[in-house]
Number of protein chains: 2
Amino acid sequence: MDKKSKSLSKNQKIVLDFIQKNKKPVKAYSILSNVQKKGINAPPQVYRALDKLIEIGKIHRVESQNSFVACKISNCNTPHKTVFSICNSCEIVSEINDPKLFKNLKDFRDKDGTVFDGYNLEFFGTCKSCKNKQIENTKH
Amino acid sequence: MDKKSKSLSKNQKIVLDFIQKNKKPVKAYSILSNVQKKGINAPPQVYRALDKLIEIGKIHRVESQNSFVACKISNCNTPHKTVFSICNSCEIVSEINDPKLFKNLKDFRDKDGTVFDGYNLEFFGTCKSCKNKQIENTKH
DNA sequence: AAAAATTTGTTATATTATAACACTATACTC
DNA sequence: GAGTATAGTGTTATAATATAACAAATTTTT
Ligand SMILES: [Zn+2]
Ligand SMILES: [Zn+2]
Ligand SMILES: [Zn+2]
Ligand SMILES: [Zn+2]
């Protein structure tokens, strides 16, 4: 087996699997109730798996929603800083991968010259599909 | 009285006062326990005040901390998008006011060309004072 | 195989936030 | 200024999110 990618534990796999199956971010207790049939019985089992999956970069936490989403960038085996767009209407979340924006953020220094080792950025707006629906509705 | 700045209600004033007195962000239940002597007895009274204060821009919510901090920019009477720097070590939070960064964020469009109407950005690092302390400690 | 590190299972509890409802104060309209 | 709409209050109960603590089992390293 590949040295770097130590395989995931049973619970970690179950939790990751469920998160990856969902297009939208999922909440911890929703994960719990959906994986109980697989033998995960209590919150700590879910939260531990989440912590680990975040640590290794397989998933990210969407801070403003207390929810969790699979990483869509690269081959998902390095933790990294995140930029999300979040639809105010349907709450769908997309991970943004914009080199120029990343560079701006990476290079940012505050007044003291402090170098930051991480960031989290969430954009809020109306996604294309929701915007179209709104336009549809005004027609009637 | 000034038309625009309708004065705050009693509970709103009490909560804002407490938040403004603190350099660091404060948690809802810490606010509660600290203002009980002023007649605020239960969580909903705090959360309602917080909601209103956020809505009018007097305070901001620090998403990654579930905490609340007074706005330090302008005269605090317009809600606005936020950029914070958060110290990993002492958890102190500063509101960043950097026109160039603001412009970059304001102008950002995703692949679909979606225009975002809001964002929240949190930078994580070690503040100057904590960094100095760390250097101090390695000397001994 | 022994020791160390990680993961698991479990119970209980802490922390953060909202629902629901009756009531009061304030602002707005005529 | 009476009537009405809007916003705020006080209260109880409960929902939703997250962690502490501890014993047992598993996996990895030595
Ligand atoms: Zn990612
Ligand atoms: Zn949408
Ligand atoms: Zn501000
Ligand atoms: Zn610090």
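The figures that follow rest on heavy atoms only: side chains count, while hydrogens, waters and symmetry mates do not. So you know, we letter chains A, B, ... as the sequences are listed, proteins then strands, and number each from 1. As the structure is a prediction and not an experimental result, all values here were calculated from the model.
The shortest side-chain heavy-atom distance between B/Lys133 and B/Lys131 does not fall under the 4.5 Å cut-off.
A/Ile31 has its CD1 atom 10 Å from the P atom of D/dA18, to the nearest Å. Between the NZ atom of A/Lys27 and the C1' atom of C/dA17 there is a distance of 11 Å, given to the nearest Å. Between the CD atom of B/Gln45 and the C1' atom of D/dG8 there is a distance of 10 Å, given to the nearest Å. Remark: P of C/dT8 and CG of A/Asn41 are 12 Å apart, rounded to the nearest angstrom. With rounding to whole Å, B/Arg48 atom CZ is found 8 Å from D/dG8 atom C1'.
Comparing D/dG10, C/dT18, C/dT8 by their closest approach to the side chain of B/Pro43 singles out C/dT18. Side-chain atoms of B/Tyr47 lie closest to C/dT16 of the nucleotides D/dT19, C/dT16, C/dT8. When distances run from any side-chain atom of A/Pro44 to the nucleotides D/dA20, C/dT8, D/dG10, the shortest one goes to D/dA20. Ranking D/dT12, D/dT9, D/dG8 by closeness to the B/Lys52 side chain, first place goes to D/dG8. Listed nucleotides D/dG10, D/dT17, C/dT10 differ in distance to A/Asn66; the shortest reach to its side chain belongs to D/dT17. Nearest nucleotide to the B/Phe68 side chain, out of C/dA17, C/dT10, D/dT12: C/dA17. Side chain of A/Ser9, nearest nucleotide from C/dT7, D/dG8, D/dT11: C/dT7.
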Evaluation steps, side-chain contact (heavy atoms from CB on, under 4.5 Å), between B/Cys71 and B/Lys58: CA-CA 6 Å; B/Cys71 178; B/Lys58 294 284 186 190; over 6 Å; no

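In this pair, A/Phe108 and B/Phe123 present their aromatic rings parallel. The plane angle is below 30°, not in the 30 to 60° band.
In this structure, A/Arg61 reaches the D/dA18 phosphate: one of its side-chain N or O atoms is under 4.0 Å from OP1 or OP2. At C/dG9, one or more side-chain N or O atoms of A/Lys10 fall inside 4.0 Å of OP1 or OP2 (strictly under the cut-off).
Note that CG of B/Leu53 and NZ of B/Lys13 are 12.0 Å apart. Values are rounded to the nearest 0.5 Å. Rounding to the nearest 0.5 Å places OH of A/Tyr119 at 14.5 Å from CD1 of B/Ile86.
For a distance-only test at 3.5 Å, the side chain of A/Tyr29 qualifies as a donor-acceptor partner of the base of D/dA18.
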